[in-house]
There are 2 protein chains.
Amino acid sequence: MLFMARTTGSHAGITGPRVRQAALRLFAQKGYAAVSMRAIAAEVGVQAGALYNYTPDKESLLFDLMRVHLEELLAQADFGAEADPLTRLRQFVEFHIRFHADRPDEVFIAYMELRNLSPENFAQIEALRRRYEDRLETILRDGAKQGVFAIEDTKIMTLAIIAMLTGVNTWFRSGGRLSLDQVVAQYWDMVRRAVGAE
Amino acid sequence: MLFMARTTGSHAGITGPRVRQAALRLFAQKGYAAVSMRAIAAEVGVQAGALYNYTPDKESLLFDLMRVHLEELLAQADFGAEADPLTRLRQFVEFHIRFHADRPDEVFIAYMELRNLSPENFAQIEALRRRYEDRLETILRDGAKQGVFAIEDTKIMTLAIIAMLTGVNTWFRSGGRLSLDQVVAQYWDMVRRAVGAE
DNA sequence: GTCTATAGGCAGATAGAC
DNA sequence: GTCTATCTGCCTATAGAC
């Protein structure tokens, strides 16, 4: 048969993604603990029991959203080690701002709902985040070693830069006073000065 | 009578503060939505019904914690307008780091639990926070006007500095690798460079 | 794969005794 | 001011029909 008979309901294979998307939106809007499985089911258009075909429990839903988000972050955060540190730092700043501005809900959840993970899942998420921080710290250390940057403590500088850049998400709105290009340019100025380049 | 008879139980006047302290600790640790009135009561050592002698409802407990925190912040954030902008900026950086490091639970709640406020209460809290941001923005604008700072957009610089400084709370632990004095010194270096001073 | 029904438990808030 | 008892309702997760 070239054309397979549709199963009843014909939504096989798409409900799963819709469940994750509904959970993402609601968790970001109201907070994990304040969102019931019934609310997620209602957003998808099914009954609560049906959700358990796609997740073993509510926490796994949260964990998977965080894990996938951070794995995508790591997959895309590639700053060629052959380039000079100043170029790599500029690439990092631009990448971080754009990636996070594109995913406000994921970013919000990944920072705000860590308390709702089991210790094992928490450790996994923290390990992924740590790997991302290490990408920036490597750039800073390379630059400091070559004398391009003047940095007293690369660990603090790493955390300070990430906090500053991630803060963009709390106020940036597409279509507002500033374009994302302008935001990137201004934060790049601040970061370049902060590391003592040029 | 110079000496008043004690009322039965003799705790009149101290249960209220203990309720707020228990709520603060539990909200910060587990999140507002995940903490029940029964859990707060257990921490204080009373039954759940007794809490309603001290708060009309659960949300008021949260709101009052945030409001008092931000009012204390504003009351202490006084940077003499007569001094030069660079000195006032240094005072701001030191004050912000120390004040926030002293109150990790209050800071956490005031940033993470905004979603659980009614629209009216949310607006009040945001107004207080905005007043605090304005104190920094005024310093930056004065410095820019006098040519002491080189700042393209004072609003962005304000938010970037506050995000960077508040980020200290996510990793700083008293007794760790760095003293708070060292942290203050390093962040002051970064901020001074970021605004283009000297 | 989705439904209905339900088990078993906890939630916020209130009433009335002491 | 605190207690016990309770109202009313929602919670996560599972069982079994279709």
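Below, read A as the first sequence line, B as the second, and so on, with proteins coming before strands; counting in each chain starts at 1.
- Take the nearest nucleotide of DNA chain D for A/Ala48 and for A/Ala39: the residue whose nucleotide is more 5' is A/Ala39.
- Among B/Gln124, B/Glu126, B/Met66, the single residue meeting the side-chain contact (heavy atoms from CB on, under 4.5 Å) criterion with B/Leu117 is B/Met66.
- Residues B/Lys58 and B/Glu113 are not paired through a salt bridge, judged by the lack of any N-O separation under 4.0 Å between the basic side chain and the carboxylate.
- To the nearest angstrom, C1' of C/dA11 lies 16 Å from CD of B/Glu59.
- Among the nucleotides D/dC3, C/dT2, C/dA13, the one closest to any side-chain atom of B/Gln47 is D/dC3.
- In this structure, B/Leu62 places its CG atom 13 Å from P of C/dG12, rounding to the nearest Å.
- Distance from the side chain of A/Ala50 is smallest for C/dC3 among the nucleotides C/dC3, C/dG12, D/dT2.
- Distance, B/Lys58 NZ to C/dA11 P: 9 Å, rounded to whole Å.
- For the atom pair CG (A/Leu136) and CG (A/Leu89), the distance works out to 6.5 Å, reported to the nearest 0.5 Å.
- Contact annotation for B/Val35: backbone-only contact, meaning every heavy-atom pair under 4.0 Å involves sugar-phosphate atoms and none involves a base.
- Between A/Asp134 and A/Arg130 there is a salt bridge, since a side-chain N of the basic residue sits under 4.0 Å from a carboxylate O of the acidic one.
- Here the nucleotide nearest the side chain of A/Ser36, chosen from D/dC11, D/dT2, D/dA13, is D/dC11.
- Put simply, CG on B/Leu26 is 12 Å from P on C/dA11, counting in whole angstrom units.
- Side chain of A/Tyr52, nearest nucleotide from D/dT6, D/dA13, C/dG1: D/dA13.
- The interatomic distance linking B/Ile40 (CD1) with C/dA11 (P) rounds to 11 Å, in whole Å.
- As rounded to whole Å, 16 Å separates atom C1' of C/dA11 from atom NZ of B/Lys30.
- Of all nucleotides listed (C/dT2, D/dA13, D/dT2), C/dT2 comes nearest to the side chain of A/Asn53.
- Of the candidates C/dG1, C/dT14, D/dG1, C/dG1 carries the atom nearest the A/Tyr54 side chain, counting heavy atoms from C-beta on.
- Between the P atom of D/dC11 and the CG atom of A/Leu51 lies a distance of 13 Å, rounded to the nearest Å.
- When the side-chain nitrogen and oxygen atoms of B/Thr15 are compared with OP1 and OP2 of D/dT2, one or more of them lie within a distance under 4.0 Å.
- Two rings, from B/His100 and B/Phe172, have their centers 6.0 Å or more apart.
- Rounded to whole Å, the distance from CD1 on A/Ile14 to C1' on C/dT2 is 14 Å.
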